[in-house]
Amino acid sequence: MEHDKEIQEIKERLKNVESQLKQKSRFSGFSITVLIGIVFVVLFLIAVGSYQFVSGG
């Protein structure tokens with residue numbers, strides 16, 4: 001009887017850990033998307049500035 005209780009507790013803990021990992025992976029994917037967007041914008045601004053520098057010079 002006591003072993004069944006322990007098994008149930010372990011199953012519940014495992015479900016909690018799995019749900020936490022899913023939440024972290026969602027946040028991780030979002031942060032990677034934001035980081036890629038920021039890098040793209042910075043590279044775009046550098047390209048525009050370089051074009052204007054070459055055109056004006």
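Just so it is clear, the structure is predicted and the values come from calculations on it, not from any experiment.
By the side chain to side chain contact (heavy atoms under 4.5 Å, CB included) test, Val34 is found to be paired with Phe30, Ile38, residues two or more places apart in sequence or in another chain being considered. Every residue meeting the side chain to side chain contact (heavy atoms under 4.5 Å, CB included) condition with Leu14, not counting sequence neighbours, appears here in chain and number order: Glu18. Gln8 meets the side chain to side chain contact (heavy atoms under 4.5 Å, CB included) test with Lys11; sequence neighbours excluded. In terms of the side chain to side chain contact (heavy atoms under 4.5 Å, CB included) criterion, residue partners of Val48 (sequence neighbours excluded) are, by chain and number, Phe44, Gln52.
Applying the under-4.5 Å side-chain rule to Ile, Leu, Val, Met, Phe, Trp and Tyr, the cluster around Ile7 consists of that residue alone.
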